[in-house]
Number of protein chains: 2
Amino acid sequence: MDSEVLKLENQLCFPLYATAKEVVKRYKPYLDELGLTYTQYIAMMVLWEHKTINVKSLGEFLYLDSGTITPLLKRLEAAGFIVRKRDSNDERNVIVSLTLKGEELKEPASKIPEKISKCLPISDEEARTLYQILYKILGDNSCGIE
Amino acid sequence: MDSEVLKLENQLCFPLYATAKEVVKRYKPYLDELGLTYTQYIAMMVLWEHKTINVKSLGEFLYLDSGTITPLLKRLEAAGFIVRKRDSNDERNVIVSLTLKGEELKEPASKIPEKISKCLPISDEEARTLYQILYKILGDNSCGIE
DNA sequence: CCCAATCTAATTGCAAGCAATTTTTTTATC
DNA sequence: GATAAAAAAATTGCTTGCAATTAGATTGGG
């Protein structure tokens, strides 16, 4: 048995997992000011761009299933940022849309990305490289993942 | 206000967050065979390497705090893979060590990393680049994270 | 020696996150 | 048009993850 392959430092997945968590943590102070969690923030980002969307499409954008999204949307609705409504043309679908309060959150939120990118100790070049490799993995289906 | 910066596709954090989740998901079928979750697996990796460790050090390796680790270790103990014991030299510390059953899990686990890396659609070169950039971010303290 | 500060785990409370199942609606097939 | 299959969201049950707090042990300064 090769013990080396099982060391944390020889894994690729581990730094991916740990870095994702640490970077999300860096958003927290800024998101706290808006009253959003990170997952709520990315859901709002989809809404700020699309104005209105159903739960299934939102899940596809975010790589999240209804078991995660449904309670998340209920919280965003309880906070007054969105409304949920059954689609009268197809009652299976739930349409999510922004309230005025949710729309207004876009402006302060638009200042966050720059604060975060200033905070990451990598060059623009490295950021582009990272972005490309990540999407290469993310866009791949070769192992039968969805 | 610049709307472009708020699009999901223009973020770096989002593909990081999403890719981490998707890659962890690819471990699931292999880890299911061992009866481990991904987080339990990385905790076991630290133990396979160090044999014995206290909760604080384990948390530092994994970037997890006691609120996550304590219940996780209790599950690993209930499954018979580890034992937890107060350090008699300093009763504040809890020492975690492998049982024979936990030790024996190392052999089948050692076959997983290769299966996963075959499954990622990136070259060795890209994997190295990704690894380096991730650790560059992870190792950084400049924004007052821990 | 004593008391305050520090340290370590554990606990609490809440929000993800996901697999599996259920409910309701729509679509296809006969 | 009835019924089976498919589709979408919600629900259930479990684990992770983290901030904040608590409990107990140790250390340091006076």
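The figures that follow rest on heavy atoms only: side chains count, while hydrogens, waters and symmetry mates do not. In the text below, chain A, chain B and the rest are named by the order of the sequence lines, each starting its count at 1. All of these numbers come straight from a predicted model, not from anything done at the bench.
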Roughly, in whole Å, what's the span from [atom1] in [X] to [atom2] in [N]?
| X | N | atom1 | atom2 | result |
| --- | --- | --- | --- | --- |
| A:Q40 | C:dC14 | CD | C1' | 11 Å |
| A:L58 | D:dA9 | CG | C1' | 13 Å |
| A:E22 | D:dG17 | CD | C1' | 11 Å |
| B:Y17 | C:dA15 | OH | P | 15 Å |
| A:N93 | C:dT24 | CG | C1' | 12 Å |
| B:K25 | C:dA16 | NZ | C1' | 13 Å |
| B:L73 | D:dT16 | CG | P | 10 Å |
| A:L62 | C:dG17 | CG | P | 9 Å |

With nearest nucleotides of DNA chain C determined for A:S66 and A:T37 from heavy-atom distances, which residue corresponds to the more 5′ nucleotide?
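Its nearest nucleotide lies further toward 5', so the answer is A:T37.
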
Pairwise 5' ranking along DNA chain C for A:E91 and A:L64, keeping only the more 5' one
A:L64

Just to be sure I understand the rule, does B:R75 reach a base, reach only the sugar-phosphate, or reach nothing, if contact means heavy atoms closer than 4.0 Å?
base

Touch check for A:I69, heavy atoms < 4.0 angstrom, all strands: base, sugar-phosphate only, or nothing?
nothing

[X] side-chain N/O to [N] phosphate OP1/OP2 under 4.0 Å:
| X | N | answer |
| --- | --- | --- |
| A:Y41 | C:dA16 | no |
| B:K74 | D:dT15 | no |
| B:T39 | D:dG17 | yes |
| A:T70 | D:dA10 | yes |
| B:R86 | D:dA25 | no |

B:E22/B:R26 salt bridge by N-O under 4.0 Å criterion
no

Are the charged groups of A:E4 and A:K7 less than 4.0 angstrom apart, N to O?
yes

Using heavy atoms to find the nearest nucleotide of DNA chain D for A:D65 and B:L72 separately, return the residue whose nucleotide is more 5′.
A:D65

Between A:D90 and B:N89, which is nearer to the 5' end of DNA chain D once each is assigned its nearest nucleotide?
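The residue mapped nearer the 5' terminus is A:D90.
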
Is it the case that the ring center of B:Y38 lies less than 6.0 angstrom away from the ring center of A:Y17?
yes

Out of D:dA10, D:dC18, C:dT6, whichever nucleotide has its closest atom nearest the side chain of B:R92
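Within the option list, the nearest is C:dT6.
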
Is it true that, when you exclude B:K51 itself, more than 12 heavy atoms of the residues, nucleotides or ligands shown sit nearer than 6.0 Å to its NZ?
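Yes, NZ of B:K51 has more than 12 neighbouring heavy atoms, counting only those of other groups under 6.0 Å.
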
For the CD atom on B:E91, are there more than 12 heavy atoms of other groups (residues, nucleotides or ligands in this structure) within a distance under 6.0 Å?
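Yes, the 6.0 Å shell around CD holds more than 12 heavy atoms from other groups.
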
